[in-house]
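See structure below.
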Amino acid sequence: MDETQDPETYCGGGPVAAPGPVDGPFAECVLCRRPTEYPESTKGSTLCPVCEWQEAQRTACSG
């Protein structure tokens, strides 16, 4: 990686906000249906930590 590149903007992505502590029911993973770290009220596609990591591996930029 070029050391002049900002790691936050490398590959066009920025920092990802981690969800805060959740007491209530958790959302289901859209791939494996296991509970995620996100509250049920989270909009969009929610992934469990395992599927999230696998998806990041598939979509990681190569360079």
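- Remark: S45 pairs with V30 by the side-chain contact (heavy atoms from CB on, under 4.5 Å) rule, at least two apart or across chains.
- Listed by chain and residue number, R33 satisfy the side chain to side chain donor-acceptor pair (under 3.5 Å) test with E28 (two or more places apart in sequence, or in another chain).
- Nearest heavy atom pair, residue C29 against residue C48, reads SG-N, 3.4 Å.
- The two residues L47 and Y38 make their nearest non-hydrogen contact at O-CE1, 3.7 Å.
- Residues L31 and Q54 form no side-chain contact, since every pair of their non-hydrogen atoms from C-beta on lies 4.5 Å or further apart.
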